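Heads up, the thing below is written out as structure tokens.
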There are 2 protein chains.
Amino acid sequence: MTTEARRILIEAAQELYAANGVAATTPREVLARSGVGQGSLYHHFPSKRDLAAAAVAQTVDDTLGSATATLHGPAEPQLRITDYLERPRAATAGCRVGRLTADPVVMGDDTLRGEVSRYFTELIELVAQAFAEQGLDAAAARDRATTAVAVIQGGYVLSRALDDDTAMRSAVRGLLELLGAEA
Amino acid sequence: MTTEARRILIEAAQELYAANGVAATTPREVLARSGVGQGSLYHHFPSKRDLAAAAVAQTVDDTLGSATATLHGPAEPQLRITDYLERPRAATAGCRVGRLTADPVVMGDDTLRGEVSRYFTELIELVAQAFAEQGLDAAAARDRATTAVAVIQGGYVLSRALDDDTAMRSAVRGLLELLGAEA
DNA sequence: GTCTATAGAGAGATAGAC
DNA sequence: GTCTATCTCTCTATAGAC
């Protein structure tokens with residue numbers, strides 16, 4: 001299987017990046033977790049950054065796909081937004097994409113940075129569309145979408161810092177209260 | 001000056017951590033930036049973690065002190081909250097404390113984790129007090145404070161990801177709009 | 001396409017003189 | 001308390017056989 005080792009390596013890298021980030025993940029760890037040999041790794045991915053580019057792009061695609069399923073669905077816009085905000089999350093683990101903004105290897109590489117940027121650009125756009133469908137003008141919808149995405153990202157930071165899932169829930173509850181009060 | 005080298009080392013470490021995080025900052029870099037010799041570093045801080053503990057504690061104290069000045073001041077609670085949210089920030093650089101939640105060295109050390117936890121515990125409490133003074137009950141004030149701090153932390157993540165200060169401003173504008181609409 | 005062996009650089013830390 | 005020299009370990013990557 002020419003492409004099998006490649007896929008296994010990407011999966012192993014995704015899991016390790018989620019746990020420790022890109023910079024702190026060594027080729028040796030990826031080899032150990034994947035069960036693939038050293039020769040294979042460097043055959044498929046000549047450098048650590050090549051592997052990171054493939055694995056991070058995959059994580060962004062996975063995560064965006066699942067967000068799109070919720071936010072671009074058939075339900076009422078308000079319900080789609082609420083579903084997105086209340087979705088179950090492993091909050092104390094942090095966001096797999098958001099955490100990369102603190103990763104020196106990611107931020108030092110244009111390709112990797114671009115993936116992270118793409119994720120948030122598209123995510124904010126998805127949320128903004130839902131708010132616009134509720135009747136907000138484009139600028140207000142964009143601000144509110146940025147606020148909503150920031151609450152989730154900040155919720156991850158706080159849950160991780162406090163080692164407590166309830167911080168995410170508290171942040172979301174506070175936002176929903178404000179959104180509800182306005183309606 | 002027995003304590004002078006120590007202070008200089010902590011300052012250099014704080015700056016390097018703000019730029020690259022703790023894990024990616026090497027003792028050699030701290031030496032180069034501080035101008036202090038290797039013997040001094042290992043005299044004052046037997047290990048990398050000892051230096052990190054001192055520098056991170058200092059950063060938390062600095063940052064909390066400045067937040068307290070705004071949030072615990074003499075002005076009306078609403079104005080204090082607005083001042084805090086709109087305070088000028090180097091948003092694309094990320095939060096010096098929040099970014100540490102993605103740092104494997106910090107998260108792998110109980111002392112360092114404790115400092116990050118202390119920061120957000122106290123910050124949320126400060127903001128919650130201001131909301132409580134506005135008449136919210138304790139639970140609602142706490143949720144709303146968590147939301148507000150999450151918006152700032154998320155704003156940092158988004159600004160850094162998009163390499164654009166305006167993401168932070170947009171997130172704050174969206175929150176202020178909701179807070180204003182409710183009043 | 002995968003293997004084993006190994007190179008070169010830099011990491012974190014220690015030794016011992018001053 | 002600070003200096004220079006150096007140690008050991010791991011990192012990322014390469015070489016060359018199969």
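Computed over heavy atoms, backbone and side chain alike; hydrogens, waters and symmetry mates excluded. This structure is a prediction, so every number in the text was calculated from the model and none was measured. Numbers restart at 1 for each chain; the letters A, B, ... are given by sequence-line order, proteins then strands.
- Listed in residue order, the members of residues 33-42 of chain A having a heavy atom less than 4.0 Å from DNA chain C are Gly37(A), Gln38(A), Gly39(A), Ser40(A).
- Comment: Arg49(A) does not engage Asp110(A) in a salt bridge, judged by the lack of any side-chain N to carboxylate O separation of less than 4.0 angstrom.
- Listed candidates were dG12(C), dT12(D), dG1(C). Nearest to the side chain of Lys48(B) is dG12(C).
- Using a cut-off of 4.0 Å between Lys/Arg side-chain N and Asp/Glu carboxylate O, Arg7(A) and Glu11(A) are scored as salt-bridged.
- Checking side-chain atoms of Asn20(B) against main-chain N and O of Thr25(B) turns up no donor-acceptor pair under 3.5 Å.
- Atom P of nucleotide dC11(D) and atom CG of Leu51(A) are separated by 15 Å, given to the nearest angstrom.
- Atom-to-atom, CD of Glu29(B) to P of dG12(C) comes out at 8 Å; the value is rounded to the nearest Å.
- Taking atom CG of Leu31(B) as the reference point, atom P of dG12(C) lies 11 Å away to the nearest angstrom.
- If you take CZ of Arg28(B) and C1' of dC11(D), they are 14 Å apart, rounded to a whole angstrom.
- Judged by distance alone, the side chains of Arg87(A) and Ser66(A) do bring a donor and an acceptor atom under 3.5 Å apart.
- In summary, Arg169(A) and Asp164(A) do not engage in a salt bridge, as defined by a charged side-chain N under 4.0 Å from a carboxylate O.
- The interatomic distance linking His43(B) (NE2) with dG16(C) (P) rounds to 18 Å, in whole Å.
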